[in-house]
Every structure is written in C-alpha cells, then in structure tokens.
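Atoms considered below: every heavy atom in the structure, side chains included; atoms not considered: hydrogens, waters and symmetry mates. Each residue takes its place number in the sequence, starting with 1.
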Amino acid sequence: MWVQHHAPVRMLAASSNAALRGRWLPALCRGRVLGGVAFAYLRRPGPPAVAARPVPGGWVVDGEAPWVTSWGVAGVYAVAAAAGDEVVFFALSADPPPAGVRASPPLALAAMGASATVRLAFDGLFVPSEDLIATVPLAEWRARDRLATAQPHPAPLGVAARAVRLLAERSESSDQAAAGSAAVALGTELDACREHAYGLDPGAGDDAGIARLVAARAWGLDLALRAASALVAATGGAAMSLTHPGQRLLREAAFYSIQAQTRELRQATLDRLTRAQGPSS
C-alpha cells in the first residue's frame, strides 16, 4: 500500500493541472490521505482493459481494472485508461467513489490478505477535465515502464536473506548439518546476486541493457523461492503452521514472482526455474 502511495504523489507533482495539485498533493505529502494506483493492465496485449473516450467536458471510462490495492483505505487513485495511442491518467476520489465505479469484494489472495485488493469496474464513468492528471503517448509510457519493471528488486533479496538467517539459526539449535550447508551455499549466492544486480546500469534502456536487468531480477526471484523452500524443507511439517515464518516467506517469494510482471520477466523467470544457471551476461 505504501509503495503505491508514491505513484500518485509523483504524478500529481509533475502535473500541469494546478487546481488538481492543490486539491490532493498537500494532503498526500503529509500522509493525511493515502494514494493508490490502477494501471498495470496497460502492459497487457490486445484490447485495453480500461478505455476512455473524449466527450464534451472530459472523458467517459469503461472497463475493469483487475487488481486495485488499498480499496476502502486510499482516498484518491491515479487511474490509467487507454485512449487510442494515448494513456489518460486521472484522479479518482474513492471516498466515496463516484457513480460508474463498482468494486468487487476483497480478493482472497495467498500473500496479500491485508492489502484490501479488489477488481474495479468502470461503467460509463464520467471524468471531468479538472480531474485529468496527464495524457501520455502509449508507446512512451510502455518504454518507460519496460525499463522500470526490468530493475532488480531488493524485496526478494530480503526474503532470501531472512530465510538464510533462519536456516543458519536452525542448524545451530538442532544440529542439522544440511540446514547449515544450505545456509552457507544460499548466503554465498545471495551475496553474488546482490553484487551483480546492484552493479548493473539501471538506466540502460537499450534491449541488451534491459535483458541484463531482467535476468538479474529473475535471479533474485528464483533465489527467494529456493531459499524459502529450503527453510520449509529443513523445518518440516511445522513450517506449514500459519505462525511459522517459513510458509510466510514462501508465499511472499511467490508474490514477488508476479508483482509488476511482464512478458520478458516471465520468460526469464521460467528459464531460471527450469534450468540451473548463474547470472546472465
């Protein structure tokens, strides 16, 4: 929730709509209002999931955003809608939501039960011009998003690091040599993965540079899954208890495997999961 809050803050700060900035930005920056986003569906091929068409005085929006976090908690959302070759970003006040917006019950998710995530349907929602944050060429947005989603993510490395520490503690407390060996091997790989990922040029937007970033991110995802799985295996049946960190770390690692997922990252992740390999160069 908190990570998503920063997207509408950045977008409103850069918006040329001074009245809209004045309405929302001070409260967002002070934390008096939580912000949310809805735009991941722009990455999908085919017909747009959420589309906007211009009408006098604004836009009409139709479609469904399949994954909207913080519903009922956030006060304002930055929502994207495809409009031909452009993307329309608008501010959606969620307290209360306007006519033409319908939320599903909270989704039952494996690792995000507290995130208040819903499907959000738009049925003839009228968005007045004064709620427009920006319009961006779709190709430009996708190019920026491609680079942003290629970046190696520190969160899976944190999951792996926690799993490694717990493996090491288990080997000390229960004299499990296998757990200790796994902790050493995975810890060594974690150091190499972090050094490799953070040594890459994060601004390399050419195909070769993005491929290196994606491969590094996929390595971190794979490592998080393997480290969490190792902790579960070393622990045994107790790891299935909802009070045990093993199952929680495994669920978190699975979540990071789908967060900000793209076709390139999916392929790189599957490549790593189906064959053992080191960092791609």
Side-chain angles (χ1 to χ4, degrees), residues 2-7 9-11 13-14 37 39-40 42-43 111 139-169 171 179-232 234 245-246 248-281:
W2 186 244
V3 168
Q4 292 196 5
H5 172 83
H6 293 276
V9 170
R10 290 194 302 268
M11 294 177 67
V37 293
F39 65 80
L42 292 175
R43 301 182 183 119
E140 178 184 320
W141 182 88
R142 283 180 170 163
R144 290 205 305 260
D145 183 70
R146 185 187 180 211
L147 179 58
T149 53
Q151 303 295 324
H153 202 299
L157 302 183
V159 169
R162 177 63 173 156
V164 167
R165 286 196 298 271
L166 291 173
L167 274 169
E169 291 173 7
S171 69
S181 297
V184 171
L186 289 165
T188 300
E189 183 181 354
L190 174 61
D191 291 341
C193 181
R194 184 183 289 112
E195 182 179 1
H196 174 72
Y198 292 173
L200 295 173
D201 178 4
D206 59 303
D207 287 346
I210 285 179
R212 286 190 288 270
L213 292 168
V214 167
R217 181 173 177 182
W219 186 10
L221 296 175
D222 173 42
L223 179 56
L225 286 165
R226 286 188 286 113
S229 295
L231 176 60
V232 169
R248 179 178 60 81
L249 291 170
L250 191 56
R251 289 186 291 118
E252 289 183 15
F255 165 69
Y256 291 126
S257 296
I258 61 93
Q259 184 191 30
Q261 181 69 273
T262 64
R263 184 175 297 179
E264 289 173 297
L265 181 58
R266 184 180 295 111
Q267 184 62 57
T269 303
L270 291 173
D271 286 346
R272 286 206 63 94
L273 290 173
T274 53
R275 68 174 185 270
Q277 60 181 24
S280 298
S281 57

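- To the nearest 0.5 Å, atoms CG (Leu270) and CG (Leu265) are separated by 9.5 Å.
- Distance check, rounded to the nearest 0.5 Å: CD1 of Ile258 to OG1 of Thr269 gives 11.5 Å.
- Taking the six-membered ring where the residue is Trp, Trp219 and His196 present tilted rings, their angle falling between 30° and 60°.
- The shortest heavy-atom contact between Ala197 and Pro152 is CB-CB, 3.7 Å.
- Distance check: Arg194 CZ to Glu189 CD gives 12.0 Å after rounding to the nearest 0.5 Å.
- Going from atom CD1 of Ile210 over to atom CD of Gln151 covers 8.5 Å, rounded to the nearest 0.5 Å.
- Under the 4.5 Å side-chain criterion, counting only non-hydrogen atoms from C-beta, Leu157 is in contact with Tyr198.
- Glu264 contributes no side-chain N or O that, together with a main-chain N or O of Ala150, makes up a donor-acceptor pair within less than 3.5 Å.
- Contact check for Arg217 versus Thr149: side-chain heavy atoms found under the 4.5 Å cut-off.
- Nearest heavy-atom pair across Ala204 and Leu147 is O-CD1, 3.6 Å.
- Across Leu42 and Arg142, no two heavy atoms sit closer than the pair O-NH2, 3.2 Å.
- The shortest distance between side-chain heavy atoms of Arg263 and Gln267 does not fall below 4.5 Å.
- For the atom pair CD (Gln261) and CG (Leu221), the distance works out to 8.0 Å, reported to the nearest 0.5 Å.
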Original post:
Would Arg165 and Glu169 count as a salt bridge (Lys or Arg N to Asp or Glu O under 4.0 Å) if you check the C-alpha gap in whole Å, the side-chain angles of each, and the deciding distance to 0.1 Å?
Top reply: CA-CA 6 Å; Arg165 286 196 298 271; Glu169 291 173 7; 5.8 Å; no
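- Distance alone, capped at 3.5 Å, places no donor-acceptor pair between the Arg146 side chain and the Thr262 backbone.
- Annotation for Ala160 and Leu190: closest pair CB-CD1, 4.2 Å, computed over non-hydrogen atoms.
- Below 30°, between 30° and 60°, or above 60°: for His6 and Trp2 the angle between ring planes is above 60°, a perpendicular geometry.
- Closest approach of Leu200 to Ala216, counting heavy atoms only: CD1-CB, 3.6 Å.
- Here Glu252 pairs with Arg248 in a salt bridge; the nearest charged N to carboxylate O distance falls below 4.0 Å.
- Considering all non-hydrogen atoms of both residues, Ala234 and Ala179 come closest at CB-CB, 4.1 Å.
- Within the model, atoms CG of Leu249 and CZ of Arg251 stand 9.5 Å from one another, a figure rounded to the nearest 0.5 Å.
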